[in-house]
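The block underneath contains the structure these notes are about, expressed in structure tokens.
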Amino acid sequence: MEGIPLLHILILSTALFFIGIYGFFTRRNLITMLISIELILNSVNINFVAFNKYLYPQQLEGIFFNIFIIAIAAAEVSLAIAIIINLYRKFNTIDIEDTNTMKH
Amino acid sequence: MNLSILVLILPFLTFVGLAFFGKRLSGITAGIIGSISTGIISLIAAFIAFNYWVMSDGKSTMILFNFPWLTFNEHLAINMGLLLDSLSIMMVAVVTFVSFMVHLYSIEYLKGEERYGSYFAYLSLFTFSMLGLVLSVNIFQIYVFWELVGVSSFLLIGFYYQRPSAVAAAKKAFIVTRFADLGFLVGILILSFEAKTLDIPMLIERLSSPDTLTSGNIKMHMVGGLSVISIAMFLIFIGGAGKSAMFPLHIWLPDAMEGPTPVSALIHAATMVVAGVYLVARLFPVYFVLTPEVLHIISWVGIISALLAALIACTQTDIKRVLAYSTISQIGYMMFSLGITAYSHGETLGYTASLFHLFTHAFFKALLFLAAGVIIHAVHSNEVAQMGGLRKSLPTTHIAFLLATLAISGIPPLSGFFSKEAILTATHHANPVIFWLAVIGSSLTTFYMFRLYYLIFWNKPAEHHRHHEHALFSIPLIILTLGTLLNGFIPFGQFISVGLEKVQISFELGMAAVPVGGSLLAILLATLWYAKSTSYPDKFVSLLKNFYRWTYRKFYFDELYQFVTHKIIFNLIGRPIAWFDRNIVDGTMNAMAWGSMYFSQAIKRIQSGNVQSYTMYFLGGVIILLSILLYAYGYNLIN
């Protein structure tokens with residue numbers, strides 16, 4: 001534990017965050033986009049845990065937040081999957097380029 | 001006395017009934033229903049008058065059915081009710097009687113007309129509103145019925161609505177009188193503000209008791225050196241002048257002759273046009289005590305109208321137009337007779353004389369119009385040039401017309417003599433200038449009436465072809481002729497006067513000699529010129545070429561109004577306002593609409609349906625916000 005400084009962990013979470021952002025903008029497959037969102041959420045989780053551990057070791061708020069985020073992420077994924085399944089039924093594809101009929 | 005409410009209810013029910021079911025009634029049923037209803041109310045009116053003057057003292061003021069209709073506060077409320085005093089009972093008697101005669105006459109006159117039922121519905125509406133007007137207990141109630149009278153007059157003038165001229169005449173009458181009624185309304189509002197009541201008896205009591213001016217009950221507000229009450233009373237007179245076709249608002253009355261002839265007899269001769277005289281007479285104590293300066297204006301407006309209309313009547317060739325101008329002239333007499341009381345040091349003979357003339361005029365003018373209707377019915381033209389020599393072919397009408405002409409000329413012993421003589425006597429005591437002008441007007445009246453008489457019945461060799469005079473034409477004519485003959489002997493001063501003391505109308509031989517002599521000379525002149533077709537009139541016309549043209553064109557009043565309304569009001573006020581409305585008001589709204597439309601057109605591309613680009617905008621927004629926040633508050637985080 002002592003061997004890994006806070007900075008390294010923050011670099012890791014920032015890297016994860018931007019990988020998630022990059023994935024979200026470049027992938028065309030809805031499932032892959034969903035995975036990218038999970039990456040973003042997880043990078044935030046890492047930040048919470050790290051700050052809790054390094055700055056306020058005697059408190060537990062960061063870890064509680066973590067659990068909330070995981071629960072919400074699970075709910076969100078179930079919703080997102082349901083939407084994707086319905087899109088697939090309607091368009092026979094889950095490519096984001098082909099499902100852009102809701103526009104001006 | 002509770003019977004008197006029937007006077008209002010019956011014509012109203014007749015109107016409603018005929019308006020809804022008039023079309024289904026066949027033949028002359030609608031006319032008979034209307035006549036019966038009017039006959040009943042004229043009987044009731046006669047009964048009321050008999051009760052009032054013979055059975056009781058004839059001086060009391062009764063208020064019936066006075067219920068609050070609209071309450072503003074504890075001081076100011078608009079009541080609806082019936083006010084029965086000598087003035088209103090006299091008016092009810094005249095209106096119902098003339099209306100009954102006209103109803104009888106119309107049964108035959110309008111037979112076969114497509115909108116026969118509507119015609120009688122309108123007549124009932126008119127009778128209802130006129131009776132409501134004269135019986136009003138509240139000045140605002142007068143205003144309500146005043147407008148109803150205007151509406152029914154509009155409907156009746158425009159009865160032949162297929163004719164563009166009738167439509168124009170109806171519109172003109174309505175707009176001119178509406179314009180004057182604006183003055184009336186403003187006057188009522190100011191008056192109610194000053195007197196703190198709209199109730200007529202209370203208003204008169206508050207504004208005309210002898211200590212009004214001294215006790216300070218009524219605070220005299222002043223605006224520009226004039227008391228506000230004077231302005232209010234003058235504005236009310238403007239309303240009356242509009243309805244009574246006084247100079248310079250007289251232009252609608254001659255055109256109103258586009259309506260059916262019995263309507264002209266009822267509305268534009270006997271009843272509606274005297275509403276203005278009635279209004280001034282109703283508020284007379286206020287005018288007399290508080291605002292004599294307005295009475296001065298009234299007397300001059302009256303005499304100018306009387307003279308101007310008499311001059312114009314001398315040149316007109318349409319029989320109904322001559323009669324219309326003579327109506328304006330006679331109402332001018334009534335008006336100035338009310339007005340000159342302000343010059344006469346407390347003597348109120350002019351008031352009684354004016355209403356006496358109103359009373360006699362209603363009969364002989366209705367008679368003249370109904371006789372004119374028979375003539376027009378026989379000749380199928382309004383122009384005197386188409387007539388002439390009718391004395392043998394329309395004998396009843398001839399006699400009736402001659403007697404009415406003598407009456408309007410003020411020849412004794414016909415009714416017109418007594419009332420006109422009373423006016424002239426009162427005027428002579430008050431203001432000699434107006435007296436001499438009135439004598440000139442009276443001679444002119446005689447001249448143009450006899451000119452008309454000769455042009456219709458003489459002037460050409462007598463026609464021996466006998467036109468049929470229907471009994472329903474002759475009976476009203478005969479009854480009205482009797483009225484014309486006998487009304488003068490009614491001791492009118494015993495019935496109608498200001499306050500409680502009776503007025504004695506007396507005649508001085510020297511006084512009567514001047515106007516009667518003038519009238520006899522005028523008859524002589526008319527006989528010389530028009531009894532046979534002569535060249536004198538043409539010579540006289542060429543002598544007064546320009547003046548004749550001016551008079552024939554009615555002193556260009558119509559053209560003047562046309563100029564003022566079209567050129568000045570429309571061009572200088574109407575058009576700029578229309579431009580402002582179209583370009584600025586509408587323009588602002590349109591610009592806003594166009595602006596939003598173009599803006600949304602421009603930005604709608606953003607909504608591409610592409611989720612990733614939405615997220616991109618969101619991310620961009622977050623980054624921008626974040627950088628702003630960091631820039632603004634970042635040092636707090638660092639320190």
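Residue numbering restarts at 1 for every chain, and letters A, B, ... go by the order of the sequence lines.
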Hey, can you tell me if B:Tyr122 and B:Phe159 have their rings parallel, tilted or perpendicular (30° and 60° cut-offs)? perpendicular
Within the 6.0 Å centroid threshold, strictly below: A:Tyr56 and A:Phe51: no
Measuring centre to centre across the rings, with the benzene-like ring taken for any Trp, is A:Phe65 within less than 6.0 Å of A:Phe48? yes
Report, in residue-number order, which members of residues 20-37 of chain A are under 4.5 Å from chain B by heavy-atom distance. A:Ile21, A:Phe24, A:Phe25, A:Thr26, A:Arg27, A:Arg28, A:Met33
Consider only side-chain N and O atoms of B:Trp69 and B:Asn79, and report whether a donor and an acceptor are under 3.5 Å apart. no
Under a 4.5 Å heavy-atom cutoff, which of B:Asn610, B:Val611, B:Thr615, B:Leu619 has the most pairs with chain A? B:Thr615
Kindly determine whether B:Ile142 and B:Phe184 satisfy side-chain contact (heavy atoms from CB on, under 4.5 Å), including the steps that lead there. CA-CA 10 Å; B:Ile142 290 190; B:Phe184 187 18; 4.1 Å; yes
d(B:Leu125 CG, B:Ser129 OG) to nearest 0.5 Å is 4.5 Å
